[in-house]
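When a residue number appears, it is its place in the shown sequence, counting from 1.
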Amino acid sequence: MPSITQFSLDTSRLSIMFLVGIAALGIYRFLDYPKQEDPSIVIREAVVTATFPGMSTPRVEDLITRKLEEKIREIGEVDEIETDSKTGMSIVHVVVKDEVKDIEPVWQDLRNKMDDIAPDLPLGTQSPFVNDEFGLTAIATIALWSDGFSLADMREVARDTRDKLYALEDIRKVELFGIQEERVFLELSNTKLASFGISPAVFIETLRAQNIILPGGEINADGQNVVIEPSGDFNAVEEIESVIVLIPGTQEVTPLRDLVTITRGYVDPPESPVYFNGHPAIILSVSILDGVNSVAFGESLTRRMKEIEQSLPIGYVLEYATYQPDLVETAVNGAVNNVYQSLVIVLAVVMIFLGFRTGLIVGSFVPMAMLLGLVGMSIFDVEMQRMSIASMIIALGMLIDNGIVVAEDIRTRMEGGQDRRTAALESGNSLSIPLLTSTLTTILAFMPIALAEGGTGEYTLSLGQVLMIVLLASWFLAMYMTPLMCF
């Protein structure tokens, strides 16, 4: 039969192995834990836009905006609608009720409603466009600029760069900003046109007839379908210059270059132009999926960006315009340092007032509770951000209470004449339910904050989750680990 001394030695070894396992697993999770600056929240707002170039504001309000608003009101989950009618454009902001958790079906219903209303809008209205990524935040914005290359060249490089960035895992979307639409400008000379007796409408109709972009159809020949693809579309300015225009009243023709000056350029004035350090640029805005480690992704993005830049022609430059991972790392590290400082203060206070041995026993499971809490946070998909780390700091002063009560009860029993093993076991048995009740009471006090609806509840949800996980971890360690360490 094993002796009590041997049993105590075995249980002490078991407790040490358990603590080492918790520490190893918690440290492993901490090193690669998803980090964000703030908690993720659901943006319950979408923007619907419809355009009719040239239509006056009152007509836009009556013929487009009101119809869109009436159709959107049919969606029961909608809480607020804000409209803005401008010349040639209708903008409708749609806000969903806070109690709606699954937002995607609502946006799909909104798209379906807009598709249904499109035929009832005035002919020529560009169909309502639903932007349900209104609140999407970029983790980084990359500026592409160059010396000696045109915006057309930069546009092609930006699109290729976007395709290469999509090869990275965890990317949600890459948007391009600053791209200008190309235009072909025809500068007329009334004197020159009058000398040929040609009106502007003549060569406009000639160009329309020549620049065919519609499919030509099919021909069925002996059961075989032959697809006809018109080849009259323009691919270069030179092809436009070579268009032949018939001179009215004669059998003579002249190329279009003799009538007008043709140049290739961009929309003037530019639409939302982008400049980076004084250079015309194109911005690539990169956003990632929820739950991704922003800091680790930023490192991968930087490596990928350097690889892409090395493959570009000399003269192209890729630089960060904004880079959120640095801000995330600074915010998280600052909060973690606060945890370290609070932890040291708590341990020092415990050892001063409880004595070195008792304080060391009680204080040892405080970091263990934190590491065990990290494991629980990973199970519940709680990201490491300022709110969840602040919750750990709040829990520090509470989670140590369980250990103090158990340790003091064991010491009191030993001073009363009980042996160490009996005192530890009886203390754990007698205090488990009262301390669990006290812990649950503290947890429930924070539940209204965590259970709030809408963006507020989503922002503060991790407060209640982390407190629950860490305090329950402290109760478990106080009940089972503190008595074992006292054997």
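Taken to the nearest 0.5 Å, the CD atom of E309 stands 13.0 Å off from the CZ atom of R304. The OG1 atom of T49 sits 11.0 Å away from atom NZ of K86, with the distance rounded to the nearest 0.5 Å. To the nearest 0.5 angstrom, T330 atom OG1 is 11.5 Å from Q324 atom CD. Once rounded to the nearest 0.5 Å, the distance linking CD1 of I469 with OG of S474 reads 12.5 Å. Distance check, rounded to the nearest 0.5 Å: CG of N402 to CG of L477 gives 10.0 Å. A distance of 9.0 Å separates CG in L435 from CH2 in W475, rounded to the nearest 0.5 Å.
Contact of the L472 side chain with the L440 side chain is registered, since non-hydrogen atoms from C-beta on lie closer than 4.5 Å. Side-chain contact between I394 and L463 is present, with heavy atoms from C-beta onward closer than 4.5 Å. Between L168 and M305, the closest side-chain pair of non-hydrogen atoms is not below 4.5 Å. Within the 4.5 Å cutoff, the side chain of V286 has no heavy atoms near those of the T141 side chain. Contact of the V292 side chain with the E169 side chain is not registered, since no non-hydrogen atoms from C-beta on lie closer than 4.5 Å. Within the 4.5 Å cutoff, no side-chain heavy atoms of Q465 are placed close to those of M377. Side-chain contact check for L25 versus L371: every heavy-atom pair is 4.5 Å or farther apart. Counting heavy atoms from C-beta on, the side chains of I64 and M55 come closer than 4.5 Å.
Using a cutoff of 4.0 Å between basic side-chain nitrogens and carboxylate oxygens, R411 and E408 are scored as salt-bridged. In summary, D163 and R159 do not engage in a salt bridge, as defined by a charged side-chain N under 4.0 Å from a carboxylate O. Looking at R413 and D409, a side-chain N of the basic residue comes within less than 4.0 Å of a carboxylate O on the acidic one, giving a salt bridge. Salt-bridge check for K71 with E74: passed, with a basic side-chain N closer than 4.0 Å to an acidic carboxylate O. Remark: K164 does not engage E307 in a salt bridge, criterion side-chain N to carboxylate O under 4.0 Å.
Residue-environment remark: OH (Y166) exceeds the threshold of 12 foreign heavy atoms within 6.0 Å. No more than 12 heavy atoms of other residues, nucleotides or ligands sit less than 6.0 Å from atom CZ of R66. Other residues, nucleotides and ligands place more than 12 heavy atoms under 6.0 Å from the NZ atom of K101. Environment of CD in Q108: crowded, with over 12 heavy atoms of neighbouring residues, nucleotides or ligands closer than 6.0 Å.
Between V42 and the choices V100, I103, V96, the side-chain contact (heavy atoms from CB on, under 4.5 Å) rule is met once, by I103. Only one option out of V466, V382, T460 pairs with S391 in a side-chain contact (heavy atoms from CB on, under 4.5 Å); it is V466.
Between S388 and E383 the shortest heavy-atom distance is OG-O, 2.9 Å. Across every non-hydrogen atom of V130 and L110, the tightest pair is CG1-CD2, 3.7 Å. Closest heavy-atom contact between L471 and A395: CD2-O, 4.3 Å. A pairwise comparison of heavy atoms in A50 and P128 identifies CB-CA, 4.2 Å as the closest pair. Of all the heavy atoms in V60 and M89, the pair that sits closest is CG1-O, 3.4 Å. Closest non-hydrogen pair, G298 versus Y320, comes out as O-OH, 4.1 Å.
Proximity of a side-chain donor or acceptor of T161 to a complementary backbone N or O of V157 within less than 3.5 Å is detected. Of the possible polar contacts, none joining the R44 side chain to the D79 backbone as a donor-acceptor pair under 3.5 Å is found. Formation of a donor-acceptor pair under 3.5 Å by the K67 side chain with backbone atoms of D120 is found in this model. Within the 3.5 Å criterion, the main-chain N or O of S311 finds no donor-acceptor partner in the side chain of Y316. The main-chain N or O of G315 is never found under 3.5 Å from a side-chain atom of D147 such that the two would form a donor-acceptor pair. Judged purely by atom type and a 3.5 angstrom limit, S287 uses its side chain to pair as donor or acceptor with the backbone of K173.
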Quiz item: Would L63 and F52 count as a side-chain contact (heavy atoms from CB on, under 4.5 Å) if you check the C-alpha gap in whole Å, the side-chain angles of each, and the deciding distance to 0.1 Å?
Solution: CA-CA 10 Å; L63 300 179; F52 193 115; over 6 Å; no

Quiz item: Between L374 and M392, is a side-chain contact (heavy atoms from CB on, under 4.5 Å) present by the stated rule, with each step listed?
Solution: CA-CA 10 Å; L374 278 177; M392 287 186 173; 3.9 Å; yes

Practice problem: Check step by step if side-chain contact (heavy atoms from CB on, under 4.5 Å) holds for L284 and L176. | Solution: CA-CA 5 Å; L284 295 90; L176 300 181; 3.5 Å; yes

Self-check item: side-chain contact (heavy atoms from CB on, under 4.5 Å) evaluation trace for S90 with L68
Solution: CA-CA 9 Å; S90 173; L68 295 179; 3.9 Å; yes

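A donor atom on one side chain and an acceptor atom on the other are not found under 3.5 Å apart for T83 and T65. Counting only N and O atoms by type, the side chains of Q341 and N337 include no donor and acceptor under 3.5 Å apart. Neither side chain, S85 nor T57, offers a donor N or O lying under 3.5 Å from an acceptor on the other.
Under the side chain to side chain donor-acceptor pair (under 3.5 Å) criterion, R29 pairs with no residue at all, not counting sequence neighbours.
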